[in-house]
Amino acid sequence: LQNADLETFVVSGYVSGLLGNPLGADDIGVVLGAEYRKEQYALRVDQNFSEGTLAGQGGPTAPVSGDFAVREIFGEIDIPLISDGIVDSFSINAGYRLSDYTSSGTSHTYKIGAILAPVAGIKIRGVYNRAVRAPNVVELFSPQSLGLFGGTDPCAVTNVGDAPTGDRAGCLASGVTAAQYDGGLIVSNPAGQYNQLGGGNPNLDVEKSDSWTVGVAVDGTQLGLTGFSAQVDYFNIELSGAIAGVGGQTALDLCIGSADPTGQFCQLINRAPGSGSLWLGQAGFITNTQQNLGGLKTSGIDLGLGYDYALNDGSIYLDYAGTYTINNEFATLPPGTAGGGVAATFRDTVGYFGATAGSPQPKYRHRVRAGYRAAGGWSVNLGWRYFGGVEVDCLSADFTCGSQGDDRDSISAFSWFDLSASVDVSDNFTFGLGVNNLLDKDPPIIGGAYNPGNGNTYAGQYDPVGRQFFLRGSMKF
């Protein structure tokens, strides 16, 4: 038995106000504030976990606890430059936050943007934002314990005396002695399983991202198109220092490929004294705790449309929200890292899924909702969820998967339809019912080689349980 407790304490406050405007436009708005947060993590384990006696556990799991706190000050300002002048309005806005973490030190986040309304009903907006994500208590303090990963040791041999396949200099850099390599003395695991040390890392730094957004919003009512609204936004986001585990096999391959015993990845290889093994006993292992590694680049276009048409003391409405993803590139290692046939280049996952690309990333997806709202307090609506088709990542030139995967493993586009209705029973109580996945669409079945997770499907993208009925009610007091 093991039990984890996570607690968060927050104290915050802010003041806001209007300062007037010497330019004669609308008043300048200001917000100033401060916040204190503390997060605590504690893991308690029983005797079986602490001694590592459970089948397949790999090694003992020790109880662990940790906490961190952050003190922050922040401010935002909105400065109207023009109001009812040569354009309807023009304003700039900015914000800044200083955060001091007891775990990862000081970080700065900030933004600057502008909004231009050439005429009433049309707004053109743009913003740049620098953001950070500090490691959470689980990433920092989750217990470090030995487990197993499937792979190979290029410095080991099937039979004593055989020649290892790994480069000699690289194997020596990974901790193998010259005598062990030349004599073929390190024996490989016939089950293809090796030890790795996983868990949290209290030395993690923050993730950093830079994002740019440009868009247009239209309020049709102010343009004589009653009930119509639209918005379109282009986004571009780049993230660096992503928190993840490098992987036991990847760390070993990179170490051997670089042949640098003082390098980042060779420092993660811990061969057992005497035998040089990474699987006999628990003295040999590869450190695969959380690290600040590669990054993410993504860009695309978000489009939203809405229309509300009055009919018979009620209204017919249609809402659409769609996303076209231009690119979604990731690098699991710091840029410039190379070795063992692995390069830290960004690889685009749009239109693909698989063991390397991860969960499906379609080029296009949308949600549409249409219905009728009656003046008498009842409504009915039909929803359409669409998720574009994807191919297995082995078909992309960005990924190397050998002969695994072909067109038969691709996933076609999926559509789900949802139906619901609600009625205002009284001024204070509303009752609703409906059905999601009306046509009982089954999810795609994905082979285990593509790491889909439990249930042999990607439950986060596809409806894993079929048709679902629901009832709901809400009451105002």
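Bear in mind the structure is a predicted one, so any value in this text is a computation, not a measurement.
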- Message: So, using side-chain hydrogen bond (donor to acceptor under 3.5 Å, both in side chains) as the criterion, who are the partners of Ser209 when residues are at least two apart?
- Response: none

- Task: Would you tell me whether Arg271 and Ser174 have side-chain atoms, one donor and one acceptor, within less than 3.5 Å of each other?
- Result: yes

- Message: Please enumerate all residues that pass side-chain hydrogen bond (donor to acceptor under 3.5 Å, both in side chains) together with Asp219, with sequence neighbours excluded.
- Response: Gln222

- Message: Taking side chain to side chain contact (heavy atoms under 4.5 Å, CB included) as the definition, give me every residue that meets it alongside Tyr41, ordered by chain and number, with sequence neighbours left out.
- Response: Ala4, Leu6, Leu43, Val64, Val137, Val138, Phe141, Ser142, Pro143

- Query: Can you tell me how far the CD1 atom of Ile186 sits from the SG atom of Cys171, to the nearest 0.5 Å?
  - Reply: 7.5 Å

- Message: Does either side chain, that of Ser422 or that of Thr430, offer a donor lying less than 3.5 Å from an acceptor on the other one?
- Response: no

- Are Asp348 and Asn327 close enough that a side-chain donor and a side-chain acceptor fall under 3.5 Å? no

- Item | Qualifying salt bridge (Lys or Arg N to Asp or Glu O under 4.0 Å) pairs with a residue from residues 134-145, counting only residues at least two apart or across chains | Arg133-Glu139

- Straight-line distance of Thr287 OG1 to Leu268 CG, nearest 0.5 Å: 5.5 Å

- Message: Please enumerate all residues that pass ring-ring contact (aromatic ring centres under 6.0 Å, His included) together with Phe414, with sequence neighbours excluded.
- Response: Trp416, Tyr462

- Message: List the residues meeting ring-ring contact (aromatic ring centres under 6.0 Å, His included) with Tyr372, not counting sequence neighbours, and say none if there are none.
- Response: Trp378

- Task: State whether Phe346 and Lys297 meet the cation-pi test: NZ (Lys) or CZ (Arg) under 6.0 Å from the six-membered ring centroid, and within 45° of the perpendicular axis.
- Result: yes

- Going by distance alone, is a donor N or O of one side chain under 3.5 Å from an acceptor N or O of the other, for Asp67 and Gln40? no

- Query: So, Arg37 and Glu72, do they make that salt bridge, N to O below 4.0 Å?
  - Reply: yes

- Query: Under 4.0 Å between a Lys/Arg side-chain N and an Asp/Glu carboxylate O for Asp418 and Arg385?
  - Reply: yes

- Query: Restricting to pairs with a member in residues 101-114, which pass salt bridge (Lys or Arg N to Asp or Glu O under 4.0 Å), not counting sequence neighbours?
  - Reply: Glu76-Lys111

- Check whether any side-chain heavy atom of Ser107 lies under 4.5 Å from a side-chain heavy atom of Asp100, and answer yes or no. no

- Message: Does any part of the side chain of Gln193, heavy atoms only, come nearer than 4.5 Å to the side chain of Trp279, both counted from C-beta?
- Response: no

- Message: Is the positively charged end of Arg97 above the ring of Phe74, judged by distance under 6.0 angstrom from the centroid and angle within 45° of the axis?
- Response: yes

- Item | Note, Asp253 side chain near Phe265 side chain (heavy atom, < 4.5 Å) | no

- Message: Once side chain to side chain contact (heavy atoms under 4.5 Å, CB included) is applied, do any residues pair with Asp205, and if so which ones, sequence neighbours excluded?
- Response: Ser104, Asn292

- Sequence neighbours left out, what passes side chain to side chain contact (heavy atoms under 4.5 Å, CB included) with Leu471? Give chain and number order. Phe431, Leu433

- Contacts of Ala114 that satisfy side chain to side chain contact (heavy atoms under 4.5 Å, CB included) - sequence neighbours left out: Phe90, Ile92

Show every donor-acceptor pair shorter than 3.5 Å between a side-chain atom in residues 122-131 and any protein atom, with sequence neighbours excluded, or say none if there are none.
unit_1: Arg125; atom_1: NE; unit_2: Asp233; atom_2: OD1; d: 3.2
unit_1: Arg125; atom_1: NH2; unit_2: Asp233; atom_2: OD1; d: 3.2
unit_1: Arg125; atom_1: NH2; unit_2: Asp233; atom_2: OD2; d: 2.9
unit_1: Tyr128; atom_1: OH; unit_2: Asp210; atom_2: OD1; d: 2.5
unit_1: Arg130; atom_1: NE; unit_2: Asp210; atom_2: OD1; d: 2.9
unit_1: Arg130; atom_1: NH2; unit_2: Asp210; atom_2: OD1; d: 3.3
unit_1: Arg130; atom_1: NH2; unit_2: Asp210; atom_2: OD2; d: 3.3

- Message: For residues 316-326, which residue pairs pass the salt bridge (Lys or Arg N to Asp or Glu O under 4.0 Å) check, not counting sequence neighbours?
- Response: Asp319-Arg369

- Message: Distance alone, cut at 3.5 Å: any donor-acceptor contact between the side chains of His108 and Tyr110?
- Response: no

- Does a donor on one side chain and an acceptor on the other come within less than 3.5 Å for Asp153 and Ser188? no

